[in-house]
Amino acid sequence: MQIVILGAGQAAASMAAKLRGLGHQGGITVIGDEPIAPYQRPPLSKAYLLGKMPLDRLTLRGPEWWAEQEIRLLTGTAGFSIDRQARQVQTSAGAVPYDQLALTLGARPRRLPAGMGGDLAGLHAIRNLADIDRLRPELQAGRDLVVIGGGYIGLEAAAVARMLGLRVTLIESAPRILARVAAPETAAMIRKLHESHGVTISESTALTRIEGSQRVEGVRLADGRLLPADLAILGIGVDPETEVAAQAGLQIENGIACDSQGRTSDPAIWAAGDCASFPWQGQRMRLESVGNAIDMAELVAENMLGGGRDYQPKPWFWSDQYDAKLQIAGLGHGHDRIVTRPGDGAHGGSVWYFREGQLLAVDALNDARAYMVGKRLIEAGRSPDPARVAEASVPVKDLLA
(Lines give C-alpha, C1' and ligand atoms only; values in the text may rest on other atoms or scores of the structure.)
Protein backbone atom coordinates (compact mmCIF):
# COMPACT_ATOMS: atom_id res chain seq x y z
CA MET A 1 0.00 0.00 0.00
CA GLN A 2 1.35 3.37 -1.09
CA ILE A 3 0.73 6.16 1.40
CA VAL A 4 1.33 9.77 0.35
CA ILE A 5 1.45 12.65 2.83
CA LEU A 6 0.97 16.08 1.26
CA GLY A 7 2.41 18.83 3.47
CA ALA A 8 5.74 18.42 5.24
CA GLY A 9 5.47 19.88 8.73
CA GLN A 10 5.19 18.50 12.26
CA ALA A 11 2.07 16.45 11.47
CA ALA A 12 3.68 14.85 8.42
CA ALA A 13 6.85 13.87 10.28
CA SER A 14 4.84 12.43 13.17
CA MET A 15 2.54 10.50 10.84
CA ALA A 16 5.38 9.01 8.80
CA ALA A 17 7.24 7.92 11.94
CA LYS A 18 4.08 6.37 13.40
CA LEU A 19 3.33 4.45 10.21
CA ARG A 20 6.78 2.84 10.26
CA GLY A 21 6.54 2.30 14.00
CA LEU A 22 3.29 0.40 13.51
CA GLY A 23 4.96 -1.85 10.98
CA HIS A 24 3.75 -0.44 7.67
CA GLN A 25 6.06 -1.96 5.05
CA GLY A 26 4.65 -0.21 1.98
CA GLY A 27 5.81 3.00 0.39
CA ILE A 28 5.59 6.34 2.18
CA THR A 29 6.09 9.60 0.31
CA VAL A 30 6.11 12.99 2.06
CA ILE A 31 5.71 16.04 -0.17
CA GLY A 32 6.51 19.58 0.96
CA ASP A 33 6.91 22.88 -0.86
CA GLU A 34 9.63 24.21 1.44
CA PRO A 35 13.25 23.43 0.49
CA ILE A 36 14.15 21.67 3.75
CA ALA A 37 12.94 18.64 5.69
CA PRO A 38 10.11 18.99 8.25
CA TYR A 39 11.07 21.27 11.13
CA GLN A 40 9.68 22.78 14.33
CA ARG A 41 7.67 25.96 13.83
CA PRO A 42 7.23 27.26 17.42
CA PRO A 43 10.91 28.26 17.86
CA LEU A 44 10.78 30.34 14.68
CA SER A 45 9.23 33.35 16.43
CA LYS A 46 11.29 32.79 19.58
CA ALA A 47 14.72 31.12 19.82
CA TYR A 48 15.45 31.00 16.08
CA LEU A 49 14.46 34.64 15.55
CA LEU A 50 16.71 35.60 18.45
CA GLY A 51 19.59 33.67 16.92
CA LYS A 52 19.74 31.23 19.85
CA MET A 53 18.75 28.12 17.87
CA PRO A 54 20.63 27.08 14.71
CA LEU A 55 18.84 25.63 11.69
CA ASP A 56 20.07 22.09 12.29
CA ARG A 57 18.31 22.07 15.67
CA LEU A 58 15.02 23.14 14.06
CA THR A 59 14.75 20.07 11.86
CA LEU A 60 12.75 17.21 13.36
CA ARG A 61 14.66 14.33 11.74
CA GLY A 62 18.09 14.18 10.16
CA PRO A 63 18.55 13.04 6.54
CA GLU A 64 19.86 9.66 7.68
CA TRP A 65 16.56 8.91 9.47
CA TRP A 66 14.48 9.40 6.33
CA ALA A 67 16.87 7.13 4.45
CA GLU A 68 16.91 4.44 7.14
CA GLN A 69 13.11 4.43 7.32
CA GLU A 70 12.88 4.25 3.52
CA ILE A 71 10.59 7.26 3.39
CA ARG A 72 10.68 9.23 0.17
CA LEU A 73 10.92 12.92 1.05
CA LEU A 74 10.17 15.37 -1.76
CA THR A 75 11.17 18.85 -0.58
CA GLY A 76 10.74 21.98 -2.68
CA THR A 77 7.81 20.27 -4.36
CA ALA A 78 4.43 21.96 -4.74
CA GLY A 79 1.27 19.88 -4.78
CA PHE A 80 -1.07 21.36 -7.40
CA SER A 81 -4.10 19.09 -7.43
CA ILE A 82 -5.56 15.73 -6.48
CA ASP A 83 -7.01 13.35 -9.09
CA ARG A 84 -9.33 11.29 -6.91
CA GLN A 85 -10.34 8.91 -9.71
CA ALA A 86 -6.78 8.04 -10.70
CA ARG A 87 -5.60 8.39 -7.08
CA GLN A 88 -2.73 10.66 -7.97
CA VAL A 89 -1.34 13.91 -6.60
CA GLN A 90 -0.16 16.27 -9.33
CA THR A 91 3.01 18.01 -8.19
CA SER A 92 5.82 20.12 -9.60
CA ALA A 93 7.85 16.89 -9.66
CA GLY A 94 5.19 14.98 -11.61
CA ALA A 95 2.30 12.72 -10.68
CA VAL A 96 2.60 10.79 -7.41
CA PRO A 97 0.21 7.80 -7.09
CA TYR A 98 -1.37 6.83 -3.80
CA ASP A 99 -3.57 4.17 -2.25
CA GLN A 100 -4.22 6.42 0.75
CA LEU A 101 -3.50 10.12 0.95
CA ALA A 102 -3.10 12.32 4.03
CA LEU A 103 -3.36 16.11 3.87
CA THR A 104 -1.18 17.84 6.46
CA LEU A 105 -1.11 21.22 4.75
CA GLY A 106 -1.11 23.47 7.81
CA ALA A 107 -2.29 27.08 7.66
CA ARG A 108 -1.25 30.34 6.05
CA PRO A 109 -1.01 33.78 7.68
CA ARG A 110 -3.61 36.37 6.85
CA ARG A 111 -2.23 39.34 4.95
CA LEU A 112 -3.33 42.86 4.09
CA PRO A 113 -4.49 43.69 0.56
CA ALA A 114 -2.19 45.72 -1.65
CA GLY A 115 -4.61 48.65 -1.41
CA MET A 116 -3.80 48.87 2.32
CA GLY A 117 -0.06 48.69 1.74
CA GLY A 118 0.08 44.92 2.04
CA ASP A 119 2.74 44.63 -0.68
CA LEU A 120 5.23 47.11 0.81
CA ALA A 121 8.73 45.98 1.67
CA GLY A 122 9.27 45.86 5.41
CA LEU A 123 5.85 44.35 6.16
CA HIS A 124 6.34 40.85 7.51
CA ALA A 125 4.22 37.84 8.32
CA ILE A 126 5.49 35.01 10.51
CA ARG A 127 4.80 31.43 9.52
CA ASN A 128 7.72 29.63 7.92
CA LEU A 129 11.49 29.65 7.83
CA ALA A 130 11.67 31.96 4.81
CA ASP A 131 9.50 34.53 6.64
CA ILE A 132 11.88 34.58 9.60
CA ASP A 133 14.99 34.69 7.43
CA ARG A 134 13.57 37.82 5.74
CA LEU A 135 12.63 39.41 9.06
CA ARG A 136 15.70 38.71 11.16
CA PRO A 137 18.15 41.13 9.44
CA GLU A 138 15.59 43.93 9.85
CA LEU A 139 15.38 43.64 13.63
CA GLN A 140 18.03 46.23 14.41
CA ALA A 141 18.33 48.07 17.72
CA GLY A 142 16.88 51.57 17.71
CA ARG A 143 14.38 50.98 14.89
CA ASP A 144 10.63 51.51 15.25
CA LEU A 145 8.48 48.39 14.92
CA VAL A 146 4.69 48.26 14.84
CA VAL A 147 3.15 44.87 15.52
CA ILE A 148 -0.36 44.50 14.14
CA GLY A 149 -2.36 42.01 16.15
CA GLY A 150 -2.35 41.04 19.82
CA GLY A 151 -2.43 37.25 19.54
CA TYR A 152 0.39 34.94 20.55
CA ILE A 153 2.42 35.37 17.35
CA GLY A 154 2.32 39.16 17.58
CA LEU A 155 3.17 39.15 21.28
CA GLU A 156 6.07 36.75 20.81
CA ALA A 157 7.44 38.91 17.99
CA ALA A 158 7.10 42.01 20.15
CA ALA A 159 9.05 40.32 22.94
CA VAL A 160 11.90 39.32 20.63
CA ALA A 161 12.08 42.81 19.12
CA ARG A 162 12.30 44.44 22.55
CA MET A 163 15.02 42.00 23.58
CA LEU A 164 16.93 43.08 20.46
CA GLY A 165 16.56 46.78 21.32
CA LEU A 166 13.80 47.97 19.00
CA ARG A 167 11.08 50.42 20.01
CA VAL A 168 7.84 48.46 19.81
CA THR A 169 4.20 49.49 19.56
CA LEU A 170 1.56 46.76 19.37
CA ILE A 171 -1.93 47.57 18.13
CA GLU A 172 -5.00 45.36 18.54
CA SER A 173 -8.36 46.16 16.95
CA ALA A 174 -10.31 44.18 19.57
CA PRO A 175 -10.98 45.67 23.02
CA ARG A 176 -8.07 43.68 24.44
CA ILE A 177 -5.16 41.46 23.46
CA LEU A 178 -5.73 37.68 23.32
CA ALA A 179 -9.47 38.34 23.02
CA ARG A 180 -10.13 35.18 21.00
CA VAL A 181 -8.03 32.75 22.99
CA ALA A 182 -7.75 33.78 26.64
CA ALA A 183 -9.67 35.26 29.57
CA PRO A 184 -9.28 38.93 30.46
CA GLU A 185 -7.30 37.86 33.55
CA THR A 186 -4.69 36.10 31.42
CA ALA A 187 -4.57 39.02 28.99
CA ALA A 188 -3.98 41.39 31.91
CA MET A 189 -0.97 39.36 33.10
CA ILE A 190 0.53 39.32 29.60
CA ARG A 191 -0.15 43.03 29.08
CA LYS A 192 1.61 43.86 32.35
CA LEU A 193 4.56 41.69 31.31
CA HIS A 194 4.99 43.52 28.01
CA GLU A 195 4.52 46.98 29.42
CA SER A 196 7.17 46.24 32.04
CA HIS A 197 9.56 45.60 29.15
CA GLY A 198 8.69 48.88 27.41
CA VAL A 199 6.17 47.77 24.78
CA THR A 200 3.39 50.26 24.07
CA ILE A 201 0.11 48.33 23.73
CA SER A 202 -2.84 50.08 22.13
CA GLU A 203 -6.12 48.15 22.23
CA SER A 204 -9.39 48.99 20.41
CA THR A 205 -7.09 50.41 17.76
CA ALA A 206 -7.70 49.65 14.10
CA LEU A 207 -5.42 50.50 11.21
CA THR A 208 -6.44 52.16 7.97
CA ARG A 209 -3.36 51.33 5.93
CA ILE A 210 0.41 50.91 5.93
CA GLU A 211 2.02 54.09 4.66
CA GLY A 212 5.02 54.21 2.37
CA SER A 213 6.05 54.48 -1.28
CA GLN A 214 8.26 51.41 -1.68
CA ARG A 215 8.60 50.20 1.89
CA VAL A 216 6.94 50.71 5.26
CA GLU A 217 7.25 54.25 6.63
CA GLY A 218 4.35 54.32 9.08
CA VAL A 219 1.06 52.80 10.16
CA ARG A 220 -2.03 54.96 9.73
CA LEU A 221 -4.68 54.32 12.37
CA ALA A 222 -8.46 54.61 12.02
CA ASP A 223 -8.43 57.62 14.37
CA GLY A 224 -6.08 59.44 12.00
CA ARG A 225 -2.85 59.04 13.95
CA LEU A 226 0.31 57.94 12.14
CA LEU A 227 2.67 55.63 14.00
CA PRO A 228 6.24 55.89 12.72
CA ALA A 229 7.56 52.52 11.60
CA ASP A 230 10.73 51.24 10.00
CA LEU A 231 9.03 47.88 9.68
CA ALA A 232 5.79 46.18 10.69
CA ILE A 233 4.80 42.62 11.60
CA LEU A 234 1.38 41.18 10.86
CA GLY A 235 -0.08 38.87 13.49
CA ILE A 236 -3.75 38.86 12.51
CA GLY A 237 -4.31 35.13 12.50
CA VAL A 238 -4.12 32.27 10.02
CA ASP A 239 -6.46 30.43 7.66
CA PRO A 240 -6.31 26.68 7.10
CA GLU A 241 -4.82 25.56 3.80
CA THR A 242 -7.82 24.10 2.00
CA GLU A 243 -7.44 25.14 -1.65
CA VAL A 244 -6.17 21.80 -2.99
CA ALA A 245 -8.79 19.90 -0.98
CA ALA A 246 -11.60 22.19 -2.14
CA GLN A 247 -10.55 21.88 -5.79
CA ALA A 248 -10.70 18.09 -5.36
CA GLY A 249 -14.29 18.37 -4.14
CA LEU A 250 -13.65 17.44 -0.52
CA GLN A 251 -15.96 18.84 2.14
CA ILE A 252 -14.67 22.07 3.68
CA GLU A 253 -15.98 23.31 7.01
CA ASN A 254 -13.64 25.34 9.22
CA GLY A 255 -10.80 23.58 7.42
CA ILE A 256 -10.80 20.22 5.69
CA ALA A 257 -13.74 18.44 7.29
CA CYS A 258 -12.89 15.04 8.80
CA ASP A 259 -14.92 12.46 10.66
CA SER A 260 -14.00 11.42 14.19
CA GLN A 261 -11.22 9.18 12.84
CA GLY A 262 -9.58 11.79 10.60
CA ARG A 263 -11.10 10.62 7.32
CA THR A 264 -12.32 13.25 4.84
CA SER A 265 -15.39 12.98 2.62
CA ASP A 266 -13.28 10.72 0.37
CA PRO A 267 -12.58 7.46 2.24
CA ALA A 268 -9.10 7.23 0.69
CA ILE A 269 -8.09 10.72 1.88
CA TRP A 270 -7.34 11.76 5.46
CA ALA A 271 -6.30 15.04 7.09
CA ALA A 272 -4.54 16.12 10.28
CA GLY A 273 -3.11 19.18 11.98
CA ASP A 274 -3.90 22.87 11.51
CA CYS A 275 -5.75 22.31 8.22
CA ALA A 276 -8.21 19.73 9.58
CA SER A 277 -11.46 20.06 11.50
CA PHE A 278 -13.12 17.25 13.42
CA PRO A 279 -16.31 16.67 15.43
CA TRP A 280 -15.93 17.31 19.16
CA GLN A 281 -18.55 17.79 21.85
CA GLY A 282 -21.32 18.56 19.36
CA GLN A 283 -19.34 21.09 17.34
CA ARG A 284 -16.67 21.11 14.64
CA MET A 285 -13.27 21.89 16.14
CA ARG A 286 -9.98 22.90 14.55
CA LEU A 287 -6.89 23.29 16.73
CA GLU A 288 -3.73 25.20 15.81
CA SER A 289 -1.05 23.63 17.99
CA VAL A 290 1.92 21.31 17.93
CA GLY A 291 0.21 18.94 20.34
CA ASN A 292 -2.80 18.55 18.06
CA ALA A 293 -0.62 18.13 14.99
CA ILE A 294 1.26 15.27 16.61
CA ASP A 295 -1.68 13.54 18.28
CA MET A 296 -4.07 13.73 15.34
CA ALA A 297 -1.38 12.70 12.85
CA GLU A 298 -0.49 9.64 14.91
CA LEU A 299 -4.16 8.69 15.23
CA VAL A 300 -4.63 9.01 11.46
CA ALA A 301 -1.59 6.78 10.93
CA GLU A 302 -3.22 4.13 13.12
CA ASN A 303 -6.55 4.45 11.33
CA MET A 304 -4.97 4.25 7.88
CA LEU A 305 -3.78 0.82 8.97
CA GLY A 306 -7.20 -0.19 10.27
CA GLY A 307 -7.08 1.13 13.83
CA GLY A 308 -10.64 2.43 13.83
CA ARG A 309 -10.11 4.83 16.77
CA ASP A 310 -11.89 8.13 17.37
CA TYR A 311 -9.87 11.24 18.09
CA GLN A 312 -10.05 12.51 21.66
CA PRO A 313 -8.02 15.73 21.76
CA LYS A 314 -6.08 16.69 24.85
CA PRO A 315 -5.31 20.32 24.03
CA TRP A 316 -2.18 21.97 25.38
CA PHE A 317 -0.27 25.02 24.22
CA TRP A 318 2.60 27.23 25.29
CA SER A 319 4.09 30.63 24.52
CA ASP A 320 7.53 31.96 25.46
CA GLN A 321 7.77 35.74 25.89
CA TYR A 322 10.93 37.32 27.35
CA ASP A 323 11.97 34.96 30.15
CA ALA A 324 8.35 34.09 30.90
CA LYS A 325 6.50 30.94 29.85
CA LEU A 326 2.74 30.77 29.46
CA GLN A 327 1.44 27.18 29.53
CA ILE A 328 -2.15 26.30 28.71
CA ALA A 329 -4.02 23.04 29.29
CA GLY A 330 -7.53 22.43 27.97
CA LEU A 331 -9.92 24.77 26.17
CA GLY A 332 -11.71 27.51 28.06
CA HIS A 333 -14.51 28.09 25.52
CA GLY A 334 -17.93 28.33 27.13
CA HIS A 335 -16.69 28.97 30.67
CA ASP A 336 -18.98 30.65 33.18
CA ARG A 337 -16.48 31.21 35.98
CA ILE A 338 -12.86 32.29 36.27
CA VAL A 339 -10.73 31.64 39.34
CA THR A 340 -7.22 33.06 39.70
CA ARG A 341 -4.32 31.99 41.87
CA PRO A 342 -1.27 34.15 42.56
CA GLY A 343 2.12 32.91 41.50
CA ASP A 344 5.67 33.56 42.55
CA GLY A 345 7.32 36.81 41.50
CA ALA A 346 6.07 39.84 39.65
CA HIS A 347 4.94 37.97 36.55
CA GLY A 348 3.29 34.73 37.54
CA GLY A 349 0.00 33.14 38.41
CA SER A 350 -2.70 30.92 37.00
CA VAL A 351 -6.19 31.35 35.61
CA TRP A 352 -8.69 28.47 35.98
CA TYR A 353 -11.74 28.17 33.71
CA PHE A 354 -14.91 26.44 34.96
CA ARG A 355 -18.32 25.68 33.47
CA GLU A 356 -21.03 24.57 35.88
CA GLY A 357 -18.31 23.53 38.30
CA GLN A 358 -16.36 21.51 35.73
CA LEU A 359 -12.73 22.46 35.13
CA LEU A 360 -12.20 23.26 31.45
CA ALA A 361 -8.76 24.83 31.20
CA VAL A 362 -5.83 26.39 33.04
CA ASP A 363 -3.55 29.22 31.89
CA ALA A 364 -0.34 29.29 33.92
CA LEU A 365 2.25 32.05 33.60
CA ASN A 366 5.60 31.10 35.12
CA ASP A 367 3.75 28.50 37.20
CA ALA A 368 4.65 25.03 35.95
CA ARG A 369 3.16 23.32 39.00
CA ALA A 370 -0.27 24.86 38.42
CA TYR A 371 -0.08 23.85 34.76
CA MET A 372 0.82 20.24 35.51
CA VAL A 373 -1.84 19.89 38.20
CA GLY A 374 -4.49 21.46 35.98
CA LYS A 375 -3.51 19.28 33.01
CA ARG A 376 -3.72 16.10 35.09
CA LEU A 377 -7.12 17.07 36.47
CA ILE A 378 -8.54 17.93 33.03
CA GLU A 379 -7.28 14.75 31.40
CA ALA A 380 -8.70 12.69 34.28
CA GLY A 381 -12.06 14.45 33.99
CA ARG A 382 -11.80 15.69 37.56
CA SER A 383 -12.68 19.14 38.89
CA PRO A 384 -11.39 20.69 42.10
CA ASP A 385 -13.59 22.90 44.26
CA PRO A 386 -13.24 26.42 42.76
CA ALA A 387 -13.15 27.86 46.28
CA ARG A 388 -10.06 25.76 47.08
CA VAL A 389 -8.43 26.81 43.82
CA ALA A 390 -8.89 30.45 44.81
CA GLU A 391 -7.43 29.92 48.27
CA ALA A 392 -3.74 30.78 47.97
CA SER A 393 -2.97 29.00 51.26
CA VAL A 394 -3.97 25.66 49.69
CA PRO A 395 -0.88 24.18 47.96
CA VAL A 396 -1.67 23.59 44.31
CA LYS A 397 -0.66 19.91 44.54
CA ASP A 398 -3.37 19.43 47.16
CA LEU A 399 -5.96 20.10 44.46
CA LEU A 400 -5.22 16.59 43.16
CA ALA A 401 -6.43 15.03 46.40
Side-chain angles (χ1 to χ4, degrees), residues 1-34 36-41 58-77 79 82-84 86-91 93-106 241 244-245 248 250 255-278 287 289-314:
M1 179 171 66
Q2 295 291 323
I3 295 178
V4 173
I5 304 172
L6 182 59
Q10 178 80 64
S14 299
M15 188 181 297
K18 188 70 171 181
L19 286 166
R20 284 293 186 241
L22 292 171
H24 175 61
Q25 299 297 313
I28 301 175
T29 300
V30 177
I31 304 169
D33 57 5
E34 293 190 70
I36 68 169
Y39 59 87
Q40 306 172 67
R41 291 192 189 278
L58 272 184
T59 52
L60 292 162
R61 305 278 186 174
E64 67 286 346
W65 182 86
W66 298 95
E68 290 168 0
Q69 297 296 316
E70 298 183 352
I71 297 171
R72 183 187 181 200
L73 179 61
L74 299 179
T75 57
T77 303
I82 301 167
D83 185 334
R84 292 167 55 190
R87 292 200 176 183
Q88 291 183 342
V89 179
Q90 302 297 329
T91 79
V96 179
Y98 67 85
D99 295 304
Q100 295 196 66
L101 170 65
L103 303 177
T104 56
L105 296 164
E241 286 283 9
V244 169
L250 300 179
I256 302 169
C258 298
D259 64 14
S260 59
Q261 297 184 9
R263 189 183 289 105
T264 72
S265 52
D266 182 324
I269 303 178
W270 309 71
D274 289 8
C275 69
S277 67
F278 53 89
L287 294 174
S289 74
V290 169
N292 176 68
I294 295 170
D295 293 347
M296 192 176 184
E298 291 185 346
L299 177 96
V300 166
E302 290 184 45
N303 290 339
M304 279 181 159
L305 303 181
R309 289 204 305 120
D310 289 346
Y311 185 42
Q312 298 294 329
K314 297 178 179 178

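Here the structure is a predicted model, which is why all the values come from computation and not from measurement.
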Please report the shortest heavy-atom distance between Trp66 and Ala37, naming the atom on each side. NE1-CB, 4.2 Å
Does Thr29 reach the side chain of Tyr98, with side-chain heavy atoms less than 4.5 Å apart? no
Rounded to the nearest 0.5 Å, how far does CG of Leu60 lie from OH of Tyr39? 10.0 Å
Under the 3.5 angstrom rule, does the side chain of Gln90 hit a backbone N or O of Gln88 as a donor-acceptor pair? no
Could you check whether any side-chain N or O of Thr77 sits under 3.5 Å from a backbone N or O of Thr75, counting only pairs where one atom can act as donor and the other as acceptor? yes
Shortest non-hydrogen contact from Ala272 to Ala11? O-CB, 4.4 Å
Is the shortest side-chain heavy-atom distance between Leu73 and Pro63 below 4.5 Å? no
If you take all heavy atoms of Ser14 and Ile294, which pair is closest and at what distance? OG-CG1, 3.6 Å
Does Asp33 use its side chain to pair, donor to acceptor, with the backbone of Gly76 at less than 3.5 Å? no
Can you give me the closest heavy-atom contact between Leu19 and Ala301, atom names plus distance? CD2-O, 3.7 Å
Once rounded to the nearest 0.5 Å, what's the spacing between atom CG of Asp295 and atom NZ of Lys18? 10.0 Å
Restricting to salt bridge (Lys or Arg N to Asp or Glu O under 4.0 Å), what partner residues turn up for Arg61, sequence neighbours left out? none
Applying side chain to side chain contact (heavy atoms under 4.5 Å, CB included), run through Gln261 and Asp310 and close with a yes or a no. CA-CA 5 Å; Gln261 297 184 9; Asp310 289 346; 3.4 Å; yes
Side-chain contact test, heavy atoms from C-beta onward, threshold under 4.5 Å: evaluate it for Phe278 versus Asn292 and give yes or no. yes
Once salt bridge (Lys or Arg N to Asp or Glu O under 4.0 Å) is applied, do any residues pair with Glu34, and if so which ones, sequence neighbours excluded? Arg41
For Glu70, is there any backbone N or O sitting under 3.5 Å from a side-chain donor or acceptor partner on Arg20? yes
List the steps and the verdict of side chain to side chain contact (heavy atoms under 4.5 Å, CB included) for Leu250 and Arg84. CA-CA 10 Å; Leu250 300 179; Arg84 292 167 55 190; 4.1 Å; yes
Quick one: CE on Met296 to OG1 on Thr104, what's the gap to the nearest 0.5 Å? 11.0 Å
Within a strict 4.5 Å, meaning less than it, do heavy atoms of the Tyr311 and Cys258 side chains meet? no
Asn303 side chain to Gly306 main-chain N or O, any donor-acceptor pair under 3.5 Å? no
Taking all heavy atoms of Val244 and all of Gly79, pick out the closest pair and write down the distance. CG2-O, 3.6 Å
Rounded at 0.5 Å granularity, tell me how far CG in Leu103 sits from CD1 in Ile31. 10.0 Å
Supply the atom-to-atom distance Arg87 CZ to Gln100 CD, rounded to the nearest 0.5 angstrom. 7.5 Å
List the steps, then state whether side chain to side chain contact (heavy atoms under 4.5 Å, CB included) holds for Arg309 with Leu299. CA-CA 7 Å; Arg309 289 204 305 120; Leu299 177 96; 3.5 Å; yes
Could you measure the distance from the CD1 atom of Ile3 to the CZ atom of Arg72? Nearest 0.5 Å is fine. 15.0 Å
Shortest non-hydrogen contact from Gly106 to Cys275? O-CB, 3.3 Å
Is the closest side-chain heavy-atom distance between His24 and Leu305 below 4.5 Å? yes
